[in-house]
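Just below is one structure, and these are the notes that go with it.
All chains are named by letter (A, B, ...) in the order of the sequence lines, taking the proteins before the strands, and each is independently numbered beginning at 1.
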Protein chains: 2
Amino acid sequence: MRLVIATCSVDYDGRLTAHLPLAKRLLLVKADGSVLVHSDGGSYKPLNWMSPPCAMAEVEPDDLEAAEGVAAVWVVQHAKSEDRLRVRIHEVHHDSDHELGVDPGLVKDGVEAHLQRLLAEHITTLGDGWTLTRREYMTPIGPVDILCKDARGATVAIEIKRRGDIDGVEQLTRYLELMNRDPHLAPVTGVFAAQAIRPQARTLAEDRGIRCVVLDYDALRGIDSSEHRLF
Amino acid sequence: MRLVIATCSVDYDGRLTAHLPLAKRLLLVKADGSVLVHSDGGSYKPLNWMSPPCAMAEVEPDDLEAAEGVAAVWVVQHAKSEDRLRVRIHEVHHDSDHELGVDPGLVKDGVEAHLQRLLAEHITTLGDGWTLTRREYMTPIGPVDILCKDARGATVAIEIKRRGDIDGVEQLTRYLELMNRDPHLAPVTGVFAAQAIRPQARTLAEDRGIRCVVLDYDALRGIDSSEHRLF
DNA sequence: ATTTTGATGTCGAAA
DNA sequence: TTTCGACGTCAAAAT
């Protein structure tokens with residue numbers, strides 16, 4: 001990985017045409033030849049870039065560029081398309097190279113899916129005598145996370161979110177409206193379960209007669225006997 | 001902008017939970033406090049990151065971390081949510097700081113918009129006697145780029161793309177189907193106009209009776225008297 | 001290999 | 001401020 005801080009202008013031509021006026025920026029050249037142009041702000045998206053597979057070549061500035069003070073020109077050409085990037089470097093403030101090796105990669109915990117599985121396996125945490133009917137119960141407008149029955153045998157639909165927000169309550173409400181129109185299922189009550197429930201979401205849910213449950217991920221995981229240290 | 005090459009592990013906790021095992025990576029700290037973690041490959045998207053507004057604080061490793069060889073810990077906390085990033089640094093291989101200043105920002109040439117304006121102003125390039133009805137003609141499923149009439153007075157819908165691809169033909173087809181169900185408009189024919197049209201897209205379009213037109217941007221701009229060197 | 005779907009999407013414009 | 005759609009979307013899963 002090569003890191004260059006340089007005063008430069010950049011032109012991209014491909015699916016669109018874009019231009020970056022002369023300014024001081026970070027140029028990041030990765031081992032696969034891809035190039036990122038970053039400014040000191042904004043989001044993680046570079047101002048301009050070239051994705052792999054591509055090749056970076058340093059060429060001599062032409063007469064016009066030389067006259068404008070361009071010291072070096074990078075041409076980055078995509079291998080499979082006509083996309084290309086032209087970086088005109090006026091001044092280099094920093095230039096260093098670093099050997100990084102292959103990255104082991106990101107591990108994403110599917111928290112919502114995991115919560116659903118844990119809660120389904122321990123449905124009695126919602127109340128004694130509760131029984132699981134099924135997970136991912138399909139309806140015409142999408143799957144209900146968990147369908148179960150309470151101690152009295154009444155049907156309950158559960159919506160699970162990592163963060164309990166208004167839109168999750170709205171989603172559960174739509175399911176409940178639909179299911180309560182089905183005489184085989186009605187009456188169906190709702191449970192809104194999340195690791196954290198925002199006050200507005202709680203207010204809305206309770207106003208609609210939906211019970212709110214805050215899930216303790218670690219506690220659920222703790223009582224899960226099948227959890228024998230997977231990683 | 002601070003550039004650090006370090007052997008580190010990273011944990012993100014927020015909308016999801018994610019973990020990066022110990023490896024040598026680039027840590028990029030921007031002036032606004034945002035942090036990007038990049039490996040030497042992949043796309044322009046970092047392995048992990050924190051978007052502004054956020055604050056980065058360097059804290060002492062706890063006993064457990066110290067025992068594992070952690071030399072320093074960065075905690076990056078988002079200002080408006082519970083999202084946080086924890087970077088455990090084992091070894092620093094490079095650390096440099098650079099003053100970049102404010103970036104003048106990206107200039108995107110709105111080529112498609114420009115093409116639309118130019119073609120609307122020179123609609124007769126499609127045929128003598130053709131007349132413009134309007135640009136951005138609204139339908140319930142979106143705006144038709146240009147609506148016009150041919151020499152015989154029949155309505156024509158034009159879809160304009162920089163690159164003529166299958167999906168552009170599908171889009172125009174949807175418009176034509178809809179408009180031809182309207183007795184006030186029907187019959188409506190279609191023109192698919194682009195700077196370059198892929199063979200598959202041309203085949204599909206012509207199979208559906210849609211005329212394909214390759215636009216010459218420079219020629220259209222050349223005949224445009226209003227184009228008096230804007231930049 | 002191709003299509004569809006989700007994203008810590010991001011980003012900008014319109015309402 | 002919120003909503004909506006497009007993106008140089010990208011990337012993974014499903015077909």
### Task
Nearest-nucleotide wise, let me know which of Lys80(B) and Leu47(A) is further upstream toward the 5' end of DNA chain D.
Lys80(B)

Nearest-Å distance for atom pair [atom1]/[atom2], residues [X] and [N]:
X	N	atom1	atom2	value
Asn48(B)	dT8(C)	CG	P	10 Å
Leu20(A)	dG8(D)	CG	C1'	13 Å
Leu16(B)	dA11(D)	CG	P	16 Å
Glu170(A)	dT3(D)	CD	P	11 Å
Tyr44(B)	dG8(D)	OH	C1'	8 Å
Lys161(B)	dA6(D)	NZ	P	8 Å

For [X], what residues pass the salt bridge (Lys or Arg N to Asp or Glu O under 4.0 Å) criterion, not counting sequence neighbours?
X	value
Asp40(A)	none
Arg202(B)	Glu206(B)
Arg84(A)	none

Show me, pair by pair, the donor-acceptor contacts under 3.5 angstrom made by side chains of residues 20-33 of chain B, not counting sequence neighbours?
| unit_1 | atom_1 | unit_2 | atom_2 | d |
| --- | --- | --- | --- | --- |
| Lys24(B) | NZ | Glu99(A) | O | 2.9 |
| Arg25(B) | NE | Asp103(A) | OD2 | 2.6 |
| Arg25(B) | NH1 | Cys8(B) | O | 2.8 |
| Arg25(B) | NH1 | Pro21(B) | O | 3.0 |
| Arg25(B) | NH2 | Asp103(A) | OD1 | 3.2 |
| Arg25(B) | NH2 | Asp103(A) | OD2 | 3.3 |
| Arg25(B) | NH2 | Pro21(B) | O | 2.7 |
| Lys30(B) | NZ | His38(A) | ND1 | 3.1 |
| Lys30(B) | NZ | Ser39(A) | O | 3.1 |
| Lys30(B) | NZ | Gly41(A) | O | 2.8 |
| Lys30(B) | NZ | Ser43(A) | O | 3.3 |
| Asp32(B) | OD1 | Ser34(B) | N | 3.1 |
| Asp32(B) | OD1 | Ser34(B) | OG | 2.6 |

### Task
Name every residue in residues 27-43 of chain A that has at least one heavy atom under 4.0 Å from any atom of DNA chain C, in order of residue number, or write none if there are no such residues.
Ser43(A)

### Task
Spell out, as yes or no, whether a donor-acceptor pair under 3.5 Å connects the side chain of Asn180(B) to the backbone of Val188(B).
yes

### Message
Test of understanding: with side chain to side chain contact (heavy atoms under 4.5 Å, CB included), list the residues that count as partners of Glu58(A), not counting sequence neighbours.
### Response
Arg2(A), Ala72(A), Trp74(A)

### Task
Look at all strands and tell whether Tyr12(A) reaches a base, only sugar-phosphate, or nothing, counting heavy atoms closer than 4.0 Å.
base

### Sugar-phosphate only, base, or nothing, as touched by Met50(B) at under 4.0 Å among non-hydrogen atoms
nothing

### Message
Strictly below 4.0 Å: does Arg84(B) bring a side-chain N or O up to OP1 or OP2 of dT8(C)?
### Response
no

### Spacing of the P atoms in dC4(D) and dT8(C) (rounded, Å)
22 Å

### Task
Could you work out the separation of dC7(D) and dG6(C) based on their C1' atoms and round it to a whole Å?
15 Å

### Message
Pair Glu121(A), Arg135(A) - check salt bridge (charged side-chain N to carboxylate O under 4.0 Å, His left out), show working.
### Response
CA-CA 10 Å; Glu121(A) 288 174 7; Arg135(A) 289 168 57 190; 5.7 Å; no

### Task
Look at the side chain of Lys45(A) and decide which nucleotide, out of dT9(D), dC11(C), dT8(C), has an atom nearest to it.
dC11(C)

